[in-house]
Protein chains: 2
Amino acid sequence: MVTRDEVAKHAGVSVAVVSYVINNKPVVKEATRQKVLQAIRELGYSPNLTARSLKTRRTNQIGVLFNHIGNPFETGIALGLEHRARKDGQSLIFQTYDPLEEDHLKTLFSGRVDAIILLGQSLKTDTVDHFAKIGVPLFSVMTPDQPNDIVPCADINWYEAYRAMIEHLIRFGHTRIGFMGALNRESYLNVRFRHFRRALLAQGLEFRDEWLVHGSFGSLEMAYKQMSERLSGGTDLPFTAIVCANDLMAIGVLSACRDNGVSVPGQLSIASSENILMSSHTSPPLTTVHYPRPEIGVATIEEVMNHLNTGAPLSSRTLKHEIYERSSTGQAPG
Amino acid sequence: MVTRDEVAKHAGVSVAVVSYVINNKPVVKEATRQKVLQAIRELGYSPNLTARSLKTRRTNQIGVLFNHIGNPFETGIALGLEHRARKDGQSLIFQTYDPLEEDHLKTLFSGRVDAIILLGQSLKTDTVDHFAKIGVPLFSVMTPDQPNDIVPCADINWYEAYRAMIEHLIRFGHTRIGFMGALNRESYLNVRFRHFRRALLAQGLEFRDEWLVHGSFGSLEMAYKQMSERLSGGTDLPFTAIVCANDLMAIGVLSACRDNGVSVPGQLSIASSENILMSSHTSPPLTTVHYPRPEIGVATIEEVMNHLNTGAPLSSRTLKHEIYERSSTGQAPG
DNA sequence: TTGTAAGCGTTATCAG
DNA sequence: CTGATAACGCTTACAA
């Protein structure tokens, strides 16, 4: 590898001058500056970022904790993160979060990242404290199931979103509305369920435990299976509409309906959450809560960079959602 | 941040001993080892990876160049990459590749990564040479459109895959088979098109230029638009079956058919490539070439790690594909 | 078995 | 304006 020393020698200047040129210090005489740039070009030199990081105590790397890279919702957020991070010259290190190996994070990221972005994971207090202590800020996209006061979040107002969605369903005459959530412990989807339930009750509707269907957040298959079981029993569904905590599950539910001869929205209205690209290409297309994925990714990086650069405290942000009414919801049967 | 020096002081040993303990050198007396471990625990110390990298000249980071993180095909590969990389203690740095900023890669990764994994991008010779010179190996998942002899690849045998797919269509009586490829210059999808065309000719069928429909690899919308235009013209399609270079485009084509009243596979058979999760949940489900995404990701990391650890030369690998016959293909009309 | 010290490639502080 | 030189936190001969 070609180092700064070689460049200095080649240009006939000291190593310091090379640094000045690279870092655009305006102190260098134009002539020497050109000499150095010339040498850099000739040697194909670029500064070793690891060495620079060690010295400057800035890695320009941000850790991002995925739950499941295969989930298009999460990658939609990643798109915004990456786009904005690139502008700021930050690289993202993607890691799949495994609760069983949470302690591993401490060593994994040690001295490697300037900040860590969570995707709704509920970290142990111990872990949170550790990063606070070594000065690595945490910020979460999506409110974790077990929120922590020193981990601010960017999210939408799920309560308002579901309130609007429920109103939409009520206009179609639905009064018994089910929900498909996640079985996973401490999933950020639990937050959505709690808001849904609260919004439902606030509208004077009831919610029975047996109206909660268990899906699994990364997997459409699980949703398909669960719904198929309910449908193949021969007995009628206890609800006329179901709201799914994410689109992947809604697509599974839709498949289950199709395979079991249940018409959507004729016999069952399906509403969903997130609005991933695919949700407008199912048949019928899904009515869903639009989650501003790229925007929230961008906002997250901006918030984090602002903190890193100015020391301003990180603070939570609420972004705007929307209800996309498509044809998977309709008049309640009967 | 707590450093190794503090640990040494706290444990009453020299800094070297701390290193020995951390790196499991078997030379340390058990008693001192315990003293050190105790100090590490008490101080909540973990070694600074940046400093370690600088010294060992190993970053344990691998750069991964995406085309579009939103493409589920690419994230499916990432899943395999990440899973295997984690086992080897490697972190992945994901970057979206932008041909306009290709030169930027040199500085971006300088001293930061041990290797770079491409997802079918055709890098400039200049760039390839640069990384060869500084000793950062390149490996590509998917054969680039402009392959380079010093960038080995992992891929399936597309020629064989399409040969089998075409046979499948011929059995249904199709003789005029279109293809939807990518407009993007130098996309890895061009490779697929060339193999398709060759396979078609090899079976004694013809291929006319107007049977090539232009999609765009990251986007289902473009495919939808292109196909809609062809369909809304009122004239019949010149082919009875179409093979799409990826599932995302096939889903767009399917949507276009649905919205234009074209029955699939009654009036048009749709075959596809990749077998992303969603391709089995469209209606009808898509007949497609199964691309072993996680496996190819795993194989890639193994190949790269083997090279990094033993110095063995990187070599290209061909993985097994499969044809998944589902209901989007059927008897040719007429 | 443990300690000392050189050096990885930078940046940044001081003199000159 | 430019040149020495001391860190940054770690690994690893080599010495003790």
Side-chain angles (χ1 to χ4, degrees), chain A residues 1-37 39-40 43-61 89 106-107 109-114 134-136, chain B residues 1-37 39-40 43-61 106-114 134-136:
Chain A
M1 194 207 301
V2 30
T3 76
R4 187 213 40 180
D5 285 41
E6 303 176 41
V7 174
K9 199 164 297 168
H10 194 83
V13 298
S14 83
V15 291
V17 176
V18 179
S19 264
Y20 297 150
V21 171
I22 289 167
N23 298 311
N24 288 312
K25 305 278 183 213
V27 293
V28 190
K29 193 169 37 163
E30 184 58 22
T32 34
R33 212 178 82 86
Q34 288 306 333
K35 253 196 320 191
V36 172
L37 288 176
I40 288 178
L43 269 49
Y45 165 78
S46 37
N48 182 311
L49 299 177
T50 297
R52 172 179 291 173
S53 293
L54 181 58
K55 182 63 189 172
T56 61
R57 341 219 67 225
R58 264 280 218 146
T59 62
N60 296 312
Q61 300 195 126
K106 301 182 197 166
T107 70
F109 282 144
S110 176
R112 268 270 146 93
V113 297
D114 298 331
I134 65 172
V136 173
Chain B
M1 194 206 302
V2 29
T3 75
R4 187 213 41 179
D5 286 40
E6 303 176 40
V7 174
K9 199 165 296 168
H10 194 84
V13 297
S14 83
V15 292
V17 175
V18 178
S19 266
Y20 297 149
V21 171
I22 288 167
N23 298 311
N24 288 312
K25 305 276 183 214
V27 294
V28 190
K29 195 171 33 167
E30 185 57 23
T32 33
R33 212 177 83 88
Q34 289 305 334
K35 253 195 320 191
V36 172
L37 289 176
I40 289 177
L43 270 49
Y45 166 78
S46 36
N48 182 312
L49 300 178
T50 297
R52 173 180 288 173
S53 291
L54 182 58
K55 182 64 189 176
T56 60
R57 339 222 65 226
R58 264 278 217 147
T59 62
N60 297 311
Q61 300 195 127
K106 301 182 197 167
T107 69
L108 183 69
F109 281 145
S110 176
R112 267 268 143 94
V113 296
D114 298 331
I134 66 173
V136 173

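A note on names: the letters A, B, ... follow the listed sequences, proteins ahead of strands, and every chain is numbered from 1. The analysis underlying the following values was restricted to heavy atoms, covering all of them including side chains, and did not include hydrogens, waters or symmetry mates.
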Discussion item. Does anything in residues 9-23 of chain A form a side chain to side chain donor-acceptor pair (under 3.5 Å)? List the pairs, not counting sequence neighbours.
Written reply: A:H10-A:E42
Fill in: 5' to 3' contact window, DNA chain D with chain B (heavy-atom distance under 4.0 Å)
D:dG9 to D:dC14
Worksheet item: Side-chain contact, heavy-atom cut-off 4.5 Å: A:R52 with A:I22?
Response: yes
Discussion item. Side chain of B:A16, heavy atoms from C-beta onward: which of C:dT10, C:dC14, C:dG3 has the nearest atom to it?
Written reply: C:dG3
Practice prompt. Taking the side chain as every heavy atom from C-beta outward, state whether B:S110 and A:M1 have any pair of such atoms under 4.5 Å apart.
Written response: no
Discussion item. For A:V18 and B:V17, find the nucleotide of DNA chain C closest to each by heavy atoms; which residue's nucleotide sits nearer the 5' end?
Written reply: B:V17
Discussion item. Output the rounded distance in Å from CZ (A:R58) to P (C:dA12).
Written reply: 12 Å
Worksheet entry | Any donor-acceptor N/O pair under 3.5 Å between C:dT10 base and A:Y45 side chain | no
Discussion item. Considering every strand and a 4.0 Å limit on heavy-atom distances, what is the contact class for B:S19: base, sugar-phosphate, or nothing?
Written reply: base
Discussion item. Expressed as a whole number of angstroms, how long is the span from A:Y20:OH to C:dT13:P?
Written reply: 9 Å
Fill in: Euclidean distance, atom CG of residue A:N23 to atom C1' of C:dA12 [Å, nearest integer]
10 Å
Practice prompt. Go through the steps to decide whether A:T3 and A:N48 satisfy the test side chain to side chain contact (heavy atoms under 4.5 Å, CB included), and finish with yes or no.
Written response: CA-CA 8 Å; A:T3 76; A:N48 182 311; over 6 Å; no
Worksheet item: Are any non-hydrogen side-chain atoms of B:K106 and B:V136 less than 4.5 angstrom apart?
Response: no
Worksheet entry | Check: C:dG7 base within 3.5 Å donor-acceptor of B:K55 side chain | yes
Worksheet item: What is the distance, rounded to the nearest whole Å, between atom CE of A:M1 and atom C1' of C:dG7?
Response: 14 Å
Worksheet item: Is the phosphate of C:dG9, meaning OP1 or OP2, less than 4.0 Å from a side-chain N or O of B:R57?
Response: yes
Worksheet item: Hey, which of these two, B:G12 or B:A51, hits DNA chain C nearer its 5' end, going by closest nucleotide?
Response: B:G12
Discussion item. Any non-hydrogen side-chain atom of A:L49 less than 4.5 Å from a side-chain atom of A:N60?
Written reply: no
Worksheet item: What is the nucleic acid contact for B:T32, judged by heavy atoms within less than 4.0 Å: base, sugar-phosphate only, or nothing?
Response: sugar-phosphate
Worksheet item: Which sits closer to the 5' end of DNA chain D, B:L54 or A:R33, going by the nucleotide each is nearest to?
Response: A:R33
Practice prompt. Answer whether the closest heavy-atom distance between the side chains of A:R33 and A:V21 falls below 4.5 Å.
Written response: yes
